[in-house]
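Written below as structure tokens is the structure these notes are about.
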Amino acid sequence: MTVEIVSANGLEIAFERTGEGPPLFLLHGAEGDHTMFAALAEQLSADFTIIACDQRDSGQTRNPDVEYGFGELADDVAALISALDYNKVHLLGQSFGGVVAQSVALRHPDRIDRLILSSTFKLGINPLPLNPDAFASLAALRQELPSSLMEIAAYFFPPSFLTQFPSAADVFAGAQRTPEQAARRARIGAKPINANLAEISAPTLVLAGSADALISPQHTRSLAEDIPGAQFQLLEGVGHIGPIQAPETVAKVVTDFLQSAE
């Protein structure tokens, strides 16, 4: 696949597009970029047009050196949807990207067909108290990249998976940021915003991995309980990044949800 660049919302947004069918946008986590979805996009491309994009200060997207939050990131997604001449799209957000996706669903509900929130936390809260030791450790380990790759990966994948597939840690190597970029992104989660998840109107599926060592499945389940009519599914044995660890499993669950009747 070839990275494309489009000008939208004052940015140069990078994305990869593959497949045919209804559009499905993929929003990556805090540590990664759009390349984390390579295996999942391959699984989904027979049924959907996949748009996997880089957020601000991530991958090949270029943005001004200004502060931003989940609202601005949501507006970026809406601007990209418009720039690609789509009316409504399905939206999948992974971890940090799931919080961005919640913000899109609230700020731009007319742009979202169906919503999938994977291994994520609630928009409007500071995530640090959910797992303070882990987040503090990750902040320190980011400063030691690339030598800390495997230590970072241990928070995102079960040990047995990393033993079998150590190259999975490379997802963090490909998204290295300057100290200024990393600091801007780190400040986003520490600035809670007002959000009423009960106002999300898009049909929603919430996914959690039973082996998630970063965001507890119980918290992610409670997110589903706050969104009217949301479905919840627990993926057994899956860690924080299901799209990399278990792309076939995630793709089947996502496809079944997106192709199901209302």
Might you work through the side chain to side chain contact (heavy atoms under 4.5 Å, CB included) test for Leu27 and Gln55, ending with a clear yes or no? CA-CA 8 Å; Leu27 304 181; Gln55 298 160 23; 4.2 Å; yes
Look at atom CD of Glu72 and say whether more than 12 heavy atoms of other residues, nucleotides or ligands are closer to it than 6.0 Å. yes
How close do Arg107 and Ala74 get, counting heavy atoms only, and between which atoms? CD-CB, 4.0 Å
With no hydrogens and no angle check, is any side-chain donor or acceptor of Gln102 less than 3.5 Å from a backbone partner on Gly98? yes
If I compare all heavy atoms of Tyr155 with all of Ala134, which pair ends up nearest, and what's the gap? CE2-CB, 3.5 Å
Using only atom types and a distance under 3.5 Å, with no angle test, would you say the side chain of Thr178 pairs donor to acceptor with the backbone of Gln181? yes
May I ask you to decide if His240's main-chain N or O and Ser119's side chain share a donor-acceptor pair within less than 3.5 Å? yes
Supply the atom-to-atom distance Asp226 CG to Arg221 CZ, rounded to the nearest 0.5 angstrom. 13.0 Å
Sub-4.5 Å side-chain heavy-atom contact between Leu234 and Glu236: yes
Inter-residue atom distance Leu115.CG - Ile227.CD1, 0.5 Å rounding: 6.5 Å
Are any non-hydrogen side-chain atoms of Ile116 and Leu91 less than 4.5 angstrom apart? no
Without placing hydrogens or testing angles, list every side-chain donor-acceptor pair under 3.5 Å for residues 243-259, not counting sequence neighbours.
{"residue": "Gln245", "atom": "OE1", "partner": "Gly239", "partner atom": "N", "Å": "2.7"}
{"residue": "Gln245", "atom": "NE2", "partner": "Gly237", "partner atom": "O", "Å": "3.0"}
{"residue": "Lys252", "atom": "NZ", "partner": "Asp256", "partner atom": "OD2", "Å": "2.8"}
{"residue": "Thr255", "atom": "OG1", "partner": "Ala251", "partner atom": "O", "Å": "2.8"}

For a quick test of reading the model, state the closest non-hydrogen atom pair linking Gly32 to Arg177 and the distance between them. O-NH2, 3.0 Å
Any side-chain heavy-atom pair from Leu197 and Lys122 closer than 4.5 angstrom? yes
For the residue pair Phe156 and Phe172, categorise the inter-ring angle as parallel (less than 30°), tilted (30 to 60°) or perpendicular (more than 60°). tilted
Going by heavy atoms in the side chains, are Leu162 and Met150 under 4.5 Å from each other? yes
Under 3.5 Å, is there a donor on one side chain and an acceptor on the other for Arg62 and Ser7? no
Close side-chain approach of Asn131 and Ile215, heavy atoms under 4.5 Å: no
Does a side chain donor of either His34 or Asp54 reach within less than 3.5 Å of an acceptor in the other side chain? yes
Do the side chains of Val6 and Leu80 get nearer than 4.5 Å, heavy atoms only? yes
All salt bridge (charged side-chain N to carboxylate O under 4.0 Å, His left out) counterparts of Asp47, not counting sequence neighbours: none
Does the gap between the ring centers of Phe25 and Phe37 come in under 6.0 Å? no
Result of checking Ile13, Val3, Ile5 against Thr61 for side chain to side chain contact (heavy atoms under 4.5 Å, CB included): Ile13
Are Ser118 and Val206 close enough that some pair of their side-chain heavy atoms sits under 4.5 Å apart? no
Examine the side chains of Thr49 and Glu20 and answer whether a donor and an acceptor come within less than 3.5 Å of each other. no
At their closest point, which heavy atom of Ile112 faces which heavy atom of Ala105, and how far apart are they? CG1-CA, 4.2 Å
The test is side chain to side chain contact (heavy atoms under 4.5 Å, CB included); show your working for Leu130 and Ile125 and say whether it passes. CA-CA 10 Å; Leu130 296 177; Ile125 71 163; 3.9 Å; yes
Pick one: which of Arg184, Arg185, Arg187 meets salt bridge (charged side-chain N to carboxylate O under 4.0 Å, His left out) with Asp57? Arg184
Would you give the length of the straight line joining atom CG of Leu123 to atom CG of Asn196, rounded to the nearest 0.5 angstrom? 10.5 Å
What are the two closest non-hydrogen atoms of Ala224 and Phe232, and how far apart are they? CB-CB, 4.0 Å
Going by atom types only, do Asn63 and Tyr68 share a side-chain donor-acceptor pair under 3.5 Å? no
Check whether any side-chain N or O of Gln233 sits under 3.5 Å from a backbone N or O of Leu207 as a donor-acceptor pair, and report yes or no. no
Kindly compute the distance separating CG (Asp133) from CG (Leu138), expressed to the nearest 0.5 Å. 11.0 Å
Ile152/Leu145 under side chain to side chain contact (heavy atoms under 4.5 Å, CB included): CA gap, chis, key distance, verdict: CA-CA 9 Å; Ile152 290 176; Leu145 282 167; 3.7 Å; yes
Dump the intermediate steps for side chain to side chain donor-acceptor pair (under 3.5 Å) on Arg142 and Ser137, then the final yes or no. CA-CA 9 Å; Arg142 288 189 196 101; Ser137 177; over 6 Å; no
Would a 4.5 Å heavy-atom cut-off, applied to side chains only, mark Phe157 and Ile241 as touching? yes
Has Ser45 got a side-chain atom pairing as donor or acceptor with Gly19's backbone, closer than 3.5 angstrom? no
Under a 3.5 Å distance rule, please check whether Ser95 uses its side chain to pair with a backbone N or O of Thr120 as donor and acceptor. no
To the nearest 0.5 Å, what is the distance between CG on Asp75 and CZ on Phe70? 13.5 Å
Pair listing, side chain to side chain donor-acceptor pair (under 3.5 Å) test, anchored in residues 76-86, at least two apart: Asn9-Asp76, Arg56-Asp76, Ser82-Arg111
Please report the closest heavy-atom contact between Phe48 and Leu24, naming both atoms and the distance. CB-CB, 4.2 Å
Go through Ser260 and Arg114 one step at a time and tell me if the side chain to side chain contact (heavy atoms under 4.5 Å, CB included) criterion holds. CA-CA 11 Å; Ser260 65; Arg114 292 195 175 196; 3.0 Å; yes
Which value, rounded to the nearest 0.5 Å, describes the distance between Ser58 atom OG and Phe96 atom CZ? 7.5 Å
